Structures are given as C-alpha cells and as structure tokens.
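So the structure is just underneath, and the comments pick up after that.
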Amino acid sequence: MATKSKATKSKKTRSKATKTKKKLVIVESPSKAKTIEKYLGRTYKVVASLGHIRDLPKSKMGVDVDNNFEPHYISIRGKGDVIKNLRSEAKKAKKIYLASDPDREGEAIAWHLAYLLGLDTNDKNRVVFNEITKDAVKNAFKEPRTIDMNLVDAQQARRILDRLVGYSISPLLWKKVKKGLSAGRVQSIALNLIINRENEIKSFKPEEYWTIDSEFQKGSKKFQAIFYGENNKKLALPDNDAVQNVLKKIDKKKTFNITKVAKKERRRFPAPPFTTSSMQQEANRRLNFRTRKTMMAAQQLYEGIHIGKEGTVGLITYMRTDSTRISSIAKHEASVLIHEKYGADYAATKPRKGKMPEGAQDAHEAIRPSSVTRTPESLKTYLNKDQFRLYSLIWSRFVASQMTPEVMDTMSVALEQNHVNFRANGSKTKFAGFTTIYKNATDKDNILPDLAEGDTVKLAKTDPAQHFTQPPARYSEANLIKALEENGVGRPSTYAPTLDTIQRRYYVKLVSRRFEPTELGEIVNKIIVEFFPDIVNISFTADLESELDGIEEGKENWVEVVDKFYKPFSKEVAHAEENMESVQIKDEPAGFDCDVCGSPMVVKMGRYGKFFACSRFPDCRNTKAIVKEIGVVCPKCHEGQIIERKSKRGRIFYGCSRYPDCDFVSWDKPIGRDCPKDGHFLVEKKVKGGKQVLCPNGDYEEAIQK
C-alpha cells in the first residue's frame, strides 16, 4: 500500500511541475536579467542573449547585391552555447518575451531571436522599457507588441550599407597601402573633419592686434574697463603705434567722465536634459571622460546597481536617445523635490522644451534619473567613482532643466576723456535659479561700483597688451561629436565606436585631449577624397541618414535606399580598382645602425605609431621604441638622459634612459633644476590656467611660478 501511495505522490509532483511552466524573458545582458527576474517574480525566468546572436559573416561580404541586397546572416562565432541554452529554455517555456533594448539594434536582436527560436513575428511577444525599475518593467509586460519591422529594416539597411562600404574600400586600402586598414561611412567623415581642421591650422596666418585694459577708481573702489574707440566709434588697434596714439590723448592727471550707464535685467535659462550626444560632450568637458568611458558608466547605471534595501535598480533611463522629451510623472516628481528642497521660486511652472536636433526620432525620453528622489549623495556609498560622477551630472542636469532661470543685473558703463572711449561691463546674480545646482566654472560675478551718468572716475593704470589672432582649435572628443551631430552625420549609438575606430587604426592620435591626424590617416583620407568623394561629402551623408531614418518611420523602402546608394558607389569602386596607385610609406633613415647586425636602422609605421626597425627585416627583427629626450640629466644617477615614455594606457611619464640600471620615474616633467629649499629636483606640473614649476616635497603655496 505504501509503495502505491508513493507512486501516486510522484505522479502528482510531475504533473504539478508540468503545469507550472515559466514564462521566458530574453534580454541582452546578464546583469539586467538578474534585476528584471527579481521584479517579475517566480513565474518568470529571465536569460541573456549577450547582445547580437546573428550577424553578417566576417570572412566575406555576406550581401547578395544581385538579389535585392539579401543579407546572409550566420550565428556569431562563440555564441553556440548561448543559442543552445536559449533554445533549450524556449522549449520548456510557457510563453516567450523578447525584451532587448528599446532601439534599432534591440529590435533587430529581437527579430534574430524570433528566427532562431522559431517564433512568429506577428505574435505580441516584444516588450520594451525605457528604465529598469519595478513599475516600468511590470507595466511593459501588460502591453506587449509585435516586432516593429520598420525598426528592423532601418537597422538592417545601416548594417548592409556599412558592410558594402567597409568590405569594398578596405580591401583596396590593404592592397594599395597596408594591411589592417578600414574605411566606413561615419569614420571617414570624422577623419576628414579632423584633417580639414589641421589644414586650416597649417594655412592660418596670425594677425597682430592690441588691447588696452585699464583700471579705474571711484573713491576706494576699483574696477576694470577696456578701450573701446574714439568719438564713440569702435577703433581697432592693429599695432603699437596705434596704441601710443591713443595713450598720447589721455591725460592721467584728469578724470574720466561717466557718459552712459545702462542697467538691465538678464535671464539665463537652463539647458534641457541630456541626449546621448550632449551627455558625451558634457562628460568630456566637465569630467574629462572619454566617450567610451561615459557610455560604459551610463550602461551600468541603466542596467542596475545594488543600492541596499531596494536591491538592484536601474538608476537612469535608456542612454541611447536623441530626444529631450520627459514624462509627466518625471516632471511632477522633479517639481515636488524642487519645492521641498529649494522652494517654490525655484520650480519652473512651464519648463522650456529643448529644440530637437534635425533627424531626431523622439523614440523615447531624454536621459534622466529613474527617480529624482535618489539624490547623488544618497547613492554615493553604492557607486564607484565614475558611476557617481556621471550620475551626479545626469541628476543635476535633469533637475536644473525643471528649474527657473538665473536672473542677473547687468551694468554697462561708458567712460570718456578727450574723445577717448572706454567701456566697462558688470553683472551680479540677483536670483540663482537653476545655477544653484548646475553652474559652470566660468560663472562668476563681476560687480562694478555704484556709478551714475555725470560721475567722474580716476584712471589708476593702463595695461596695453599685444595679441595675435589664433587658429581654430583642434577637435576634442566633445567638439567632434558636436560637429558630427550638427552636420547630421551618424546617430547617438555610432559616436563612441567611430571615435574608437579612428584611434585604433592609428588614423588619429589624442594629444592633450585634442585629435591630431597621423601620416597614415592623411594617406587614407586622400585616397577616399579622390576616389570616393560621396563618402566624405557631409550633405550627401546627411541626406542618406535622413533616408535611413525614413525607413524607421515607414516612409522609405530599405532596398530602394540601399540600391540608390550602391549603384554609383559600385562604379567608384570599379574605377578605384583600375586607377588607384599603390602608396608606399617610405621608411625614414633613423641615423644609426642596428646593434644586432650592423645594418642601418629605419623608422617604420606600425599599428601604434612609429618605431625603429632594422632595414634587413625580416632577416633581422631588431626593433626599438622611439623615445624623446627632454634635455635633462637624470637627477638620480646623474648619467642617463630623461626621456618621455608612454604607459600602456597612453599616459606620458618620464624615466631614465639607463633603465633598468636606473629606475628613476616621474609622472611630472623634471626641469633640470633643484629646489632652493630642500635640494629636491623641481618638476613642471599642469595646473588650471597653465603650468607651474614646483618641488614635489613642498606645498602648492610654495611653488615657484614659471
């Protein structure tokens, strides 16, 4: 009897297990999977696809140009176990939901998953959420939708276009220049912008001009003013003679008359919340973050951080967006916080809407905190340094966007003596508004004394200064992203990989946080400009981007858009194959012989820049790094020369040429003099506003100004 009872129990258990099949949810990342599974409960199982699972093959073009550009997708190498696990889980699942990221790439991943798992693309099995919070995730599962084929086609068209360009031009560059080179739609324009800017700098001719900065005094109060002109007309000062002519007309013993005082109230409004592009730019300017670093930290904040009792929570909304729109719930939450923390005067009744960039899709919200009540300080113990700094920036920018403008009292003063005119401008913050939490380092009051028309003031001193017009600055990461966005080239998700690629290929290098083209970059750009002019034509590429966006909106057919581009492009490729001449990157003589075989050493171009190599390569494989001497004897051994080196991460440091016999090393540049106080060697250190010469053992207050 007992045996029968056990058998009955076993059958019931198996029957119960069969009935309680779980719903399967597939997301992109494992960390996101853990967070979402906690929100959905025991009836769901959440697994990760680890990004894309199918793509075009790396070994060939993978696009049938004669058959409507039919792509030949294959499972990505190394994803076999992931696919096997997904299929196994899908067989056991009660229902399957595809919850990849809410953008084109995410939609394409969902479509590829549906294909591999045999799902019907007409089923409502696609769920998207702009933030990974309990409410957002649960609400998304209440309204699943079908896979949006317009988004899939838009991603597919971009992928195929990039493949056609890359796999057509790159083999030509390998054949005619050197192996390992590449070309792409957006990266070619980024490189071209950098090189055009470099050419502007090289051809720039500085022009001399002068200014006369002066100090005036009313009673005990002093204020600054600058020379404006004569007889109330602006006058340029091209040289020192012009300056002396002005100074001759000024009688230092006499006073200046205040001829005009204009007082106004000026309002400065806050910027809208971040888009991907503006976040990358501001993080680069304020935090000195590289674009890749910004996106990595943002991804972590979006996918979820463990914050104590609340568990793992997504702290920001989706970080790939070109929209400045925010939800009414987020607006209300921000308004409540501003009222409570700062007062009603600081809360904007109608926050200004940001101007949408051309081509922006407005698919989902701007980047903002998932809950504004999670202040940066309340999360500091749970975030690493990079996460905390970026979250603070996102939080303060969003809250500031919902605040009232800064109100300033401005004062413009005209001064005159003997028909010589000076101007002074002052400003004082009357009401801080949004700058209470989001202020620029340059925002400072310039308060003038209380002046009125008819008053007289004394001239305390004049300071004529010679200047020269400056060439345009090289692009920083922030400026290059801004230029690409303003020209309608690329989209939020493309900027980080584009900047990364042109550096990895050694087409450009970052020097003092600014892009400089390399010789290799200039060679590649010259070829592309000559043989593929449309690729680097900004208006052509911007129009193509608009057509690709049209696919997303259902206005354009992806095959027609690709065909319209490919027909003229394929003719350019054929012409280049016939007419492009091989470019030989000549080896420069190094000026010394190989210490292994005695043959002359030469300078070669490698993947990471130039290096010394034996001219008998491959018979002799002797190589040496190129080092730069700074003209200072090693302060430790007093024998070797101090040379400039680079760490693995590209940071410059200084070491002894006799290494490893002498292990002297310094992050700061030694200058060849000793401290007069303790005899320690002095170094040159970069500080705000320039450079300082100081003793590493002393305080900054004791630094010797250079």
Side-chain angles (χ1 to χ4, degrees), residues 56 58 60-66 69 71 157-200 475 480 483-484 487-491 494-495 497-508 515 517-548 558-585 605:
L56 299 171
K58 286 185 176 181
K60 58 181 180 179
M61 179 80 79
V63 178
D64 189 347
V65 295
D66 299 319
F69 303 97
R158 287 174 186 275
R159 186 74 187 95
I160 288 169
L161 269 176
D162 289 340
R163 177 54 66 99
L164 291 170
V165 171
Y167 276 50
S168 296
I169 301 179
S170 297
L172 284 170
L173 296 175
W174 300 350
K175 190 177 174 183
K176 303 292 185 179
V177 186
K178 73 189 285 278
K179 283 188 177 181
L181 303 183
S182 71
R185 287 187 312 118
V186 182
Q187 78 176 55
S188 295
I189 285 193
L191 175 61
N192 187 249
L193 284 170
I194 291 166
I195 288 173
N196 287 346
R197 177 60 57 87
E198 195 68 19
N199 291 336
E200 284 178 50
Y475 284 109
L480 186 58
L484 290 169
N487 286 303
V489 176
R491 288 297 177 258
T494 64
Y495 297 137
T498 296
L499 302 194
D500 189 50
T501 300
I502 59 176
Q503 289 172 83
R504 278 192 295 105
R505 301 291 181 201
Y506 196 63
Y507 295 163
V508 300
F515 285 115
T518 63
E519 182 187 348
L520 184 61
E522 289 181 345
I523 290 168
V524 170
N525 180 68
K526 188 179 177 183
I527 289 170
I528 292 171
V529 168
E530 184 179 349
F531 292 99
F532 305 99
D534 284 343
I535 297 293
V536 288
N537 183 317
I538 287 175
S539 58
F540 175 85
T541 305
D543 290 343
L544 181 60
E545 291 283 9
S546 297
E547 288 181 4
L548 290 167
W558 79 265
V559 175
E560 290 174 6
V561 170
V562 174
D563 188 55
K564 185 179 171 183
F565 168 84
Y566 186 70
K567 278 180 179 173
F569 174 71
S570 59
K571 290 175 184 175
E572 289 177 347
V573 173
H575 173 73
E577 283 176 342
E578 285 183 24
N579 297 283
M580 190 187 293
E581 293 180 7
S582 294
V583 178
Q584 196 166 5
I585 302 174
M605 175 79 77

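What you are looking at is a predicted structure, and each value in this text was computed from that prediction instead of being measured.
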Closest non-hydrogen atom pair between [X] and [Y], with its separation:
{"X": "Ser546", "Y": "Arg491", "value": "N-NH2, 4.4 Å"}
{"X": "Ser188", "Y": "Ile535", "value": "CB-CG2, 3.7 Å"}
{"X": "Leu548", "Y": "Arg158", "value": "CB-NH2, 3.6 Å"}

Report yes if some heavy atom in the side chain of [X] is under 4.5 Å from a heavy atom in the side chain of [Y]; otherwise report no.
{"X": "Val489", "Y": "Thr494", "answer": "no"}
{"X": "Leu193", "Y": "Leu484", "answer": "yes"}
{"X": "Phe69", "Y": "Leu164", "answer": "yes"}
{"X": "Glu560", "Y": "Glu547", "answer": "no"}
{"X": "Leu172", "Y": "Ile527", "answer": "no"}
{"X": "Ile169", "Y": "Leu181", "answer": "no"}
{"X": "Leu544", "Y": "Val561", "answer": "yes"}
{"X": "Asp162", "Y": "Val186", "answer": "no"}

Does [Y] offer a backbone N or O that forms a donor-acceptor pair with the side chain of [X] under 3.5 Å?
{"X": "Asn579", "Y": "His575", "answer": "yes"}
{"X": "Gln187", "Y": "Ser182", "answer": "yes"}
{"X": "Thr518", "Y": "Tyr506", "answer": "yes"}
{"X": "Glu572", "Y": "Pro568", "answer": "no"}
{"X": "Asn487", "Y": "Ala483", "answer": "yes"}
{"X": "Glu545", "Y": "Gly490", "answer": "yes"}
{"X": "Ser570", "Y": "Lys567", "answer": "yes"}

Where does the angle between the aromatic ring planes of Phe569 and Phe565 fall among parallel (under 30°), tilted (30 to 60°) and perpendicular (over 60°)?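 Phe569 vs Phe565 ring planes: parallel.
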Is the Lys NZ or Arg CZ of Arg163 less than 6.0 Å from the centre of Tyr167's six-membered ring, within 45° of the axis?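 Output yes; distance and angle both within limits.
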Do the charged groups of Glu577 and Lys175 touch, with an N to O distance under 4.0 Å?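 No salt bridge links Glu577 with Lys175.
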Test side-chain hydrogen bond (donor to acceptor under 3.5 Å, both in side chains) applied to Asn537 and Ser539, step by step: CA-CA 6 Å; Asn537 183 317; Ser539 58; 2.8 Å; yes
Do Thr541 and Asp543 pair up side chain to side chain, a donor and an acceptor below 3.5 Å, judged on atom types alone?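 Result is no, nothing qualifies.
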Got a sec, which residues hit side chain to side chain donor-acceptor pair (under 3.5 Å) with Tyr475, two or more places apart in sequence or on another chain?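 If we apply the side chain to side chain donor-acceptor pair (under 3.5 Å) test to Tyr475, skipping adjacent residues, the hits are Arg197.
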